[in-house]
Structure formats: C-alpha cells, structure tokens
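As the structure is a prediction and not an experimental result, all values here were calculated from the model. Heavy-atom basis, side chains included; hydrogens, waters and symmetry copies ignored.
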Amino acid sequence: MSELAQARARAEQLRKEIARHDYQYYVLDNPLIPDAEYDRLMRELRDIESRFPELVTPDSPTQRVGGAPREGFAEVRHKVPMLSLDNAFSEEDMRAWEKRLLGRLDHDGPVSYAAEPKLDGLAISLRYEQGLLVLGATRGDGRVGEDVTANVRTIKSIPLRLFGDDWPEVLEVRGEIFMPRAGFEALNARARARGEKTFVNPRNAAAGSLRQLDPKVTASRPLTMFCYGFGEISSGPPADTYSASIRRLVDWGLQISPELKTVAGVDGCIDYYQDIGRRREQLPYDIDGVVFKVDSLADQEALGFVSRAPRWAIAYKFPAQEELTRVLAIDFQVGRTGAVTPVARLEPVFVGGATVSNATLHNMDEVWRKDVRVGDTVIIRRAGDVIPEVVGVVLERRPKGTRRVTLPKHCPVCGSEVIKPEGEAVARCTGGLYCPAQRKESIKHFASRKAMDIEGLGDKLVEQLVDNELVHNPADLYHLTKAQLVGLERMGEKSAQNLLDELEKSKSTTLPRFLYALGIREVGEATALALAQQFGSLKAIQAASEDELQETPDVGPIVAAHIAAFFRQPHNKEVIDKLIAAGIHWQEGAPRPRPEDLPLAGKTFVLTGALSRPRDDYKARLQALGAKVSGSVSKKTDYVVAGEDPGSKLAKAEQLGIEILDEEGLLKLLGEGR
Ligand code: IVH
C-alpha cells in the first residue's frame with residue numbers, strides 16, 4: 001500500500017473511532033476512554049491531515065470545535081463564538097507562547113497575565129437582559145450550542161436577576177459549570193446505595209446533570225459556576241483589563257475563581273502554575289491545568305484569534321491523571337491482618353506524574369463490580385499522592401477468552417485457607433502467625449510494649465530477622481543466638497546481649513499480655529484481659545466453643561468466631577506450643593469471678609478532660625473491674641474522673657455533689673497507684 005493509501009485508511013479509522021467517542025462523551029455523558037487517549041487520537045488525525053491536506057474531509061472531527069447537540073434541546077446560535085484554548089504542556093511551550101505574543105505586541109517590560117485554575121466542568125454562556133437571566137446555553141461546537149436555560153435556572157449560585165443596577169443592558173458571561181468533589185462523592189454514594197449507575201468523575205457528573213431534559217433532576221445536583229469570560233456586552237467591557245472586568249461580575253452577584261491573580265511575565269505564570277499544582281488536591285474541585293490570559297483587553301484585541309483559539313490565552317495543563325493501560329496479571333497480596341487484596345499488575349504507564357505498574361483493586365467486590373480481567377485495557381487514575389487505582393474497564397477493547405477473576409481458596413503466600421465472610425468485602429488468610437506475609441507485622445506486634453514488651457526489638461530489627469530467615473514465627477525469637485544477632489546490621493556484642501536479656505525477661509508474662517500478643521483479630525488489650533478473667537487459663541480459652549466465648553463481656557459473635565478460627569488453625573497451635581516450650585509462662589488464675597463480686601461492681605464512672613492515656617484504656621480497665629463507664633453525668637454517677645481542662649461535666653458533678661477523682665486517684669483505685 002502506498003503511504004497515501006495507508007494514511008487514508010488510518011484517517012478513516014481514526015474518524016470513526018473519534019466520532020464514536022464524541023457520541024459517548026457529548027451525547028451520552030459516558031466517555032469510554034480518558035481525555036489523554038482521546039487527545040492522542042485527535043493529534044494523530046491532525047497530524048495525518050497536515051501531512052496530507054487532500055485527506056481532510058468536511059466531516060472530519062478536526063473541522064469542528066467539538067460537541068454534538070443532543071436531541072431534545074433547542075439550538076442556540078452564539079452571537080460571539082465560544083472559543084477553545086490552545087494547550088501548553090511544558091515550560092518550553094509556555095516560553096514559546098510568550099515569545100509569539102511579544103513578537104506581535106509592542107511591549108516594554110513584562111506582560112501582565114490574568115491567571116486562574118482551569119476548571120474541569122462544562123462551558124456555559126449566560127445572557128442577562130435588563131439584569132434578568134434570559135438564556136443559558138452550552139458551548140456545543142462553539143457556534144451553536146443547546147438551550148439549557150431551564151436547567152441553569154436551578155443552580156443556586158447563578159443569580160436569576162443581577163444585583164445592583166449598574167450592569168449593561170445586555171450582558172453575556174461565560175464560565176464553567178462544575179460539581180465540587182464533595183458533592184460528586186455524595187451523589188455517587190447515593191446512586192450506589194440505590195443500585196444506580198455512578199459517574200466516572202465530577203466533570204461527567206456536571207455535564208450529565210446539566211444536560212438533563214428534566215430540570216428537576218438538575219436541581220437535585222450540586223452544581224456551581226465560576227465565570228471567566230464575556231460574550232456580547234451592550235456597553236462594551238466594564239474595564240480595561242480582563243481581571244478588572246471579571247471582578248465587576250462579583251458586584252452583580254456572579255462568582256469568579258477565588259484563585260484569580262495577575263502575574264508578571266512568563267516566569268510569573270510558571271510560579272503560579274507550580275503553586276496551584278502543589279495545592280491542587282486541596283482545592284474542593286477538580287482542575288486540569290491553569291489558564292493564562294493577557295490581561296490588557298487592548299492587547300487581546302490586537303492579538304486576535306487563530307482558527308478556534310485566541311492567541312492571548314493558553315491552558316497550561318497538568319500531567320494527565322487518567323491513562324489507559326493493560327492488565328498483565330491480577331495478583332493477591334497479603335497484608336498485616338491477613339487481608340487478601342487483589343492488585344492489578346500493569347503494563348507500565350506514565351500517569352499523574354509518575355510511572356505506574358501496580359494498582360490496587362481494593363477487594364473482590366470491587367473487582368467483580370468493575371469486572372476487571374487479565375488482558376483488559378483499563379483506565380488508571382493517579383491523583384496526587386493517592387495510590388493509583390483502576391477506574392474502569394474499556395469493555396470494547398476486551399480480548400476474547402478472558403475470564404472473571406476468582407478469589408483464591410488458599411493463601412498465595414502460605415497456603416492456608418482464605419475466607420471471605422458473607423457480607424464482608426475483605427477476604428483473609430487464616431494462616432495468622434504462620435503466614436510469612438503476616439509474620440513481620442505479627443512479630444512487631446508480639447514484641448510491642450503492651451504485648452510481650454521486648455525492649456530493643458524494633459521494626460527494623462524484626463524486618464532483618466525475618467528477611468534473613470532467622471525468625472519465622474514469634475517462637476523463633478526465643479532461640480536466637482548471640483552469634484546470629486551479631487551478624488546483623490548495627491548490632492554489636494553489647495546490644496545483642498541486651499536483646500537476649502530482654503527476651504529472657506519477657507518470658508515471664510501474664511495471660512492477658514500473651515493473648516494480646518498472639519494478634520488474634522479483634523482481640524485488643526481489653527478483650528484479652530476479659531478473656532483471661534473469664535476463663536482463667538489458656539487451655540480453657542482454646543477449648544471454648546463460640547457460644548462459650550460469647551459469655552465473655554464485650555465478646556460478640558464476630559469476635560468469638562475470630563478467636564475460635566484462630567485456635568482451630570494447626571499452625572497457630574504449633575506456635576503457641578513452641579512458645580510455651582521455650583519457657584514463656586504466667587500465673588494462671590481461677591476463672592472470672594461472678595460480676596457482682598468484682599471490686600467496682602455497681603459503680604458508674606464518667607471520664608472527662610485530657611488524661612495521660614487514651615480514655616478507652618481506662619474505660620477497659622474500669623469495666624474489667626466491674627464498673628460501668630458512662631458518657632454523661634447524672635445522679636447515678638458515682639465518680640467523675642477529671643483530667644486537664646475538664647469542662648462542663650466537672651461543673652455538673654460538683655453541682656450534684658459527686659465524688660471527683662484526679663488521674664492519680666483513678667490509678668490508685670485501679671490498683672496501679674504509686
Ligand atoms: S477561558 C477564549 N478560563 O477550558 C477563552 N476557559 O480547553 C475561553 N475552562 O472551553 C476559555 N477553566 O470550558 C477559560 N479559567 C478558565 C477555564 C476555561 C476551564 C475550559 C472552558 C474552555 C476549555 C478550553
């Protein structure tokens with residue numbers, strides 16, 4: 001095939017593809033591919049058409065500004081066309097732009113630019129006659145848009161009548177209608193709860209909400225508008241500069257970007273771009289770049305337009321946050337608590353300013369909802385420092401023979417059973433201490449202060465021990481030798497000996513500490529203490545049925561199931577036996593006394609003000625001794641424990657004559673006083 005024939009075939013293919021994406025985007029408000037991919041298709045087509053101008057057809061998507069009117073809305077011809085913007089993607093692009101400007105302007109000193117974030121929404125034109133809103137129109141193809149007046153009228157931040165009385169008789173303002181992120185999240189959450197379709201991003205949500213045939217729907221959507229330009233103005237612009245003119249709109253009740261600034265020269269533009277880029281994620285709405293405009297309206301006039309975009313303005317875009325790539329594999333990672341998380345391994349792709357080759361799929365429900373499969377082309381989003389995620393699948397690019405992803409029955413790391421309880425999103429490996437992936441974290445937990453309290457066994461050291469295969473489970477800690485330790489990084493004779501001494505010391509412990517150290521899911525300090533008191537011995541706990549476990553205060557069916565599942569696992573039993581064989585011991589007590597025999601039975605406490613330990617800590621201790629802990633002071637309160645800055649509860653207690661304790665008094669009561 002000749003080069004021309006090849007180019008013709010490719011151009012035809014691109015036109016078809018672009019037309020389909022235009023339809024999806026503009027008519028259905030349901031784009032199938034990220035903007036960056038669409039832009040690439042357009043660029044490729046433009047490129048072919050500029051090399052072979054004879055291939056340009058009147059219906060080529062390059063021949064219009066964009067946007068297909070949807071049936072159902074009346075057409076509106078814009079008196080002043082709604083233009084588009086040229087893009088810059090780098091500092092060089094920006095400098096080249098300024099150079100072109102300076103070549104056309106007769107300028108001493110730096111050019112003053114108006115700078116604003118580039119909002120990611122939908123361009124709109126509002127027409128006010130005698131101060132009354134008479135028309136709201138979408139941009140459409142720039143010349144003809146859609147009449148969405150009824151919908152625009154439902155947006156509360158758009159005045160139906162301009163404030164004051166010094167407005168021009170005819171005033172057309174242009175701006176962006178958009179949906180702040182919080183509103184978008186809430187809208188999607190509602191849709192999800194009702195089992196309805198969600199929007200891919202705030203921009204599509206805004207477009208989809210505005211282009212509703214039923215204005216009631218629009219009215220229920222959290223839309224707002226910032227103005228950034230003018231159409232027809234009967235008396236001409238209200239000031240000599242863009243920034244001063246646009247600020248006049250505020251007096252008339254319209255909104256502009258609170259980020260609007262004037263900056264000097266291209267260096268000022270670059271500083272502004274960097275500053276907004278840093279703050280991008282904190283802004284309450286999505287932006288995809290920054291727009292700079294020559295501020296002097298006389299200069300704007302002198303510079304004029306080229307085809308569809310003004311020479312006096314430019315959009316300096318941020319790197320795309322969404323890109324397409326292919327799923328090479330779906331692996332399962334095992335986290336600290338045994339959570340088995342599906343992760344997509346991707347063909348590396350540059351997105352949001354970094355190369356991404358993995359993206360979390362969160363959990364199986366998410367995988368199934370999005371129906372991500374190996375071989376799929378997916379949209380990857382990476383915004384700011386947020387971990388990259390798979391937004392969705394481009395179904396039409398799915399190859400033949402793909403299969404739905406299933407949850408592995410066994411842990412990919414240790415082979416233990418994987419369970420996904422009904423109604424829960426997270427699947428978990430039941431391997432516990434035996435699973436290497438959970439090992440490091442469980443050993444860190446085992447050694448921690450409230451557990452076995454092994455001083456000197458910090459996170460870094462645990463990692464070294466596991467990586468060097470010196471420790472596979474907590475029991476191995478007690479078989480470490482000095483020679484092994486001395487071989488590790490930053491470990492001298494002395495610190496090795498100290499650690500061995502600490503390990504030895506830790507062997508003498510308590511049953512609650514030991515239980516807590518095992519890292520059973522949902523078994524925190526307080527539950528461990530309650531279990532120890534309830535059953536008195538480890539054997540009794542191990543032998544208890546789920547029903548019996550539930551007789552323990554604060555142990556419900558879920559916690560009981562976790563405890564029973566833990567002790568059922570042969571690996572866990574083995575590790576416990578080894579720990580005991582290594583010499584770990586404690587004083588076993590009698591089973592829990594009857595509640596009415598506890599020392600603080602029947603007493604009600606209220607904790608207020610800042611205490612030196614978390615309030616929950618004290619709460620658990622008080623409860624373990626039979627007390628009730630309440631949130632508010634009443635006649636039934638026996639003690640109020642007042643920390644620093646206690647506030648109104650203390651005052652009320654004084655009023656009611658209730659006994660007040662300070663933290664020291666409380667510790668004494670708990671048997672921990674000095
Ligand atoms: S000025 C003649 N300013 O970006 C200049 N546009 O890619 C017209 N946009 O169609 C546009 N924020 O929908 C301008 N601060 C801003 C903007 C902005 C978002 C949109 C607008 C325009 C598109 C061009």
Side-chain angles (χ1 to χ4, degrees), residues 334-341 407-424 426-448 450-452 466 471-477 509-582 584 586 588 591-592 620:
V334 186
R336 183 173 72 84
T337 59
V340 176
T341 308
L407 180 68
K409 288 199 170 56
H410 297 280
C411 171
V413 182
C414 74
S416 302
E417 196 189 342
V418 169
I419 54 165
K420 181 176 180 291
E422 268 288 303
E424 268 183 49
V426 180
R428 283 176 205 277
C429 161
T430 51
L433 298 179
Y434 172 78
C435 179
Q438 297 176 62
R439 206 175 285 155
K440 282 183 187 171
E441 294 305 323
S442 58
I443 292 170
K444 288 176 196 170
H445 173 80
F446 182 85
S448 64
K450 292 178 187 167
M452 302 300 284
V466 176
V471 170
H472 297 91
N473 61 55
D476 293 344
L477 289 170
T509 185
T510 65
L511 179 55
R513 275 182 179 274
F514 183 74
L515 278 174
Y516 173 66
L518 292 176
I520 305 167
R521 283 199 58 218
E522 307 282 346
V523 177
E525 256 184 307
T527 308
L529 181 63
L531 286 166
Q533 287 176 335
Q534 177 82 7
F535 292 93
S537 74
L538 179 64
K539 277 215 169 58
I541 299 169
Q542 280 176 299
S545 68
E546 287 185 33
D547 281 347
E548 286 164 345
L549 286 166
Q550 282 187 57
E551 283 166 23
T552 314
D554 286 335
V555 174
I558 296 173
V559 182
H562 284 311
I563 299 168
F566 181 89
F567 289 117
R568 258 203 312 273
Q569 281 294 322
H571 312 307
N572 293 338
K573 272 192 215 145
E574 202 179 299
V575 172
I576 291 169
D577 290 346
K578 281 190 186 157
L579 283 166
I580 290 166
I584 291 188
W586 57 85
E588 296 219 319
R592 182 188 191 79

- Query: For Val555, does its backbone N or O pair with a side-chain atom of Thr552 as donor and acceptor, under 3.5 Å?
  - Reply: no
- Message: Contact between Leu538 and Leu515 at the side-chain level, heavy atoms closer than 4.5 Å - yes or no?
- Response: yes
- Query: Are side-chain heavy atoms of Asp547 and Gln550 found at a separation under 4.5 Å?
  - Reply: yes
- Task: Output all residues satisfying side chain to side chain donor-acceptor pair (under 3.5 Å) with Lys440, sequence neighbours left out; order by chain, then residue number.
- Result: Asp467
- Which heavy atom of Ala475 sits nearest a heavy atom of Leu579, and at what distance? CA-CD2, 3.5 Å
- Item | Result of checking Arg521, Gln569, His562 against Thr430 for side chain to side chain donor-acceptor pair (under 3.5 Å) | Gln569
- Message: Suppose we screen for side chain to side chain donor-acceptor pair (under 3.5 Å). Which residues come up paired with Thr509, at least two apart in sequence or across chains?
- Response: none
- Item | Check: Thr510 and Tyr516 side chains under 4.5 Å, non-hydrogen atoms | no
- Count the heavy atoms of every other residue, nucleotide or ligand shown that sit under 6.0 Å from CG of Asp554, and state whether that count exceeds 12. no
- Student check: side-chain heavy atoms of Glu546 and Pro557 closer than 4.5 Å: no
- Grab the two heavy atoms, one from Val334 and one from Cys435, that are nearest each other, plus how far apart they are. CG1-SG, 4.2 Å
- Message: Could you tell me if the side chain of Lys420 sits less than 4.5 Å from the side chain of Val426, heavy atoms only?
- Response: no
- Is there a donor-acceptor contact under 3.5 Å from the side chain of Asn572 to the main chain of Val575? no
- Message: Between Ile563 and Leu531, is there a side-chain heavy-atom distance shorter than 4.5 Å?
- Response: yes
- Task: State which residues pass side chain to side chain donor-acceptor pair (under 3.5 Å) with Lys578; sequence neighbours excluded, sorted by chain then number.
- Result: none
